[in-house]
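None of these values were measured; they are calculated from a predicted model.
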Amino acid sequence: MTEETPGLGGESAEQPDVPSGAADDAAPKAPEPSTQEGPEAPAGDASKETEQDAGLTAQLDQARAALTERTTDLQRLQAEYQNYRRRVERDRVQVKEIAVANLLTELLPILDDVGRAREHGELVGGFKSVAESLETVAAKLGLQQFGKEGEPFDPMVHEALMHSYAPDVTETTCVAILQPGYRIGERTIRPARVAVAEPQPGAQAGTADAADASEADAEKESGGPDEG
């Protein structure tokens, strides 16, 4: 009687029974595709950000416009202030000049007395010192004396009180200074009061005749006028 060796020939060896559920658990499972999509920003959020950007841009434009307006206002105020300063300075100078001119005008009769006293040799002693101090102060304030004998008569700065004719003048000339004139800068506060002399009525005609005669003598000496 022949014995059968297990596992050799014949029927295969029996495998142990494995539960079906355990086999399924042991086998690796492939990842199942996800049916949910990743988070996306809603369309409402994008439009809200755009509106915010537009609002900020508008605010920036308004701020720039306000800055430009304030800068223009500041420049205008600065220009007005500079004009105001110049106007005040000009008015201050004018007021000062007018005040000084009024003061010196009141002193002119005293200066005239000082001048007459000097001409007559009466300016001596303490009176001389006081008079010279007064003239020095007046000069420091800008007072200038003008008017000299022999200068041409100028109705803008001279006032003729006396009139005569003289053969030795060729134009209206100041021959005597009755009262000197005074000015402050370019402003005349009193014209010089003078006596004037004019040429003799026939002196100009005689002078013209003498000139013609001298020209005729010169032509004779040169042999007459040139002929073409």
*Asks:* In Å and rounded to the nearest 0.5 Å, what is the CG to NZ distance from L141 to K96?
*Replies:*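 Atom-to-atom, L141:CG and K96:NZ are 8.5 Å apart.
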*Asks:* Is any NZ, NE, NH1 or NH2 atom of the basic residue among R86 and E89 found under 4.0 Å from an Asp or Glu carboxylate oxygen of the other?
*Replies:* no
*Asks:* Hey, what do you get for CZ (R118) to CD (E135), rounding to the nearest 0.5 Å?
*Replies:* 4.5 Å
*Asks:* Between P152 and H158, what is the shortest heavy-atom contact and its length?
*Replies:* O-CE1, 3.4 Å
*Asks:* Measure the spacing between CZ of R116 and CG of L123 and express it to the nearest 0.5 Å.
*Replies:* 13.0 Å
*Asks:* Quick one: CG on D113 to CG on L108, what's the gap to the nearest 0.5 Å?
*Replies:* 11.0 Å
*Asks:* Is it true that L178 and V175 fall in one hydrophobic cluster, defined by side-chain heavy atoms closer than 4.5 Å?
*Replies:*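 No, no single cluster joins them.
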*Asks:* Could you pull out the closest heavy-atom pair between Y165 and P201, with the gap in Å?
*Replies:*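 The pair with the smallest heavy-atom distance is CD2-CD, 4.2 Å.
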*Asks:* In this structure, would V100 and L107 fall into the same cluster of hydrophobic residues linked by side-chain contacts under 4.5 Å?
*Replies:*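 Yes, same cluster.
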*Asks:* Calculate, to the nearest 0.5 Å, the distance between atoms CG and CZ belonging to L143 and R190 respectively.
*Replies:*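 Output value for this atom pair is 9.5 Å.
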*Asks:* What is the distance from atom CG of L111 to atom CD of Q179, rounded to the nearest 0.5 Å?
*Replies:*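 Here the rounded value is 11.0 Å.
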*Asks:* In terms of heavy-atom contacts, does CD of E80 have more than 12 from other residues, nucleotides or ligands at under 6.0 Å?
*Replies:*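 More than 12 within 6.0 Å, yes.
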*Asks:* If you compare all heavy atoms of Q144 against all heavy atoms of G185, which two are closest, and at what distance to 0.1 Å?
*Replies:* OE1-O, 4.4 Å
*Asks:* What are the two closest non-hydrogen atoms of A117 and F127, and how far apart are they?
*Replies:* CB-CE2, 4.0 Å
*Asks:* Which is it for V194 and E151 under the side chain to side chain contact (heavy atoms under 4.5 Å, CB included) test, yes or no, and what are the steps along the way?
*Replies:* CA-CA 11 Å; V194 300; E151 62 184 9; 5.9 Å; no
*Asks:* Following the transitive rule for hydrophobic clusters with a side-chain heavy-atom cut-off under 4.5 Å over Ile, Leu, Val, Met, Phe, Trp and Tyr, establish whether L104 and L134 coincide in one cluster.
*Replies:* yes
*Asks:* Please report the C-alpha distance between D73 and R76 in whole Å, then the side-chain angles of each, then the deciding distance to 0.1 Å, and finally whether the side chain to side chain contact (heavy atoms under 4.5 Å, CB included) criterion is met.
*Replies:* CA-CA 5 Å; D73 293 342; R76 183 177 66 255; 3.1 Å; yes
*Asks:* Which pair of non-hydrogen atoms, one from E149 and one from I177, has the smallest distance, and what is that distance?
*Replies:* N-CG1, 3.8 Å
*Asks:* How far apart are the closest heavy atoms of F146 and Y182, and which atoms are they?
*Replies:*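 The answer is CE2-N, 3.3 Å.
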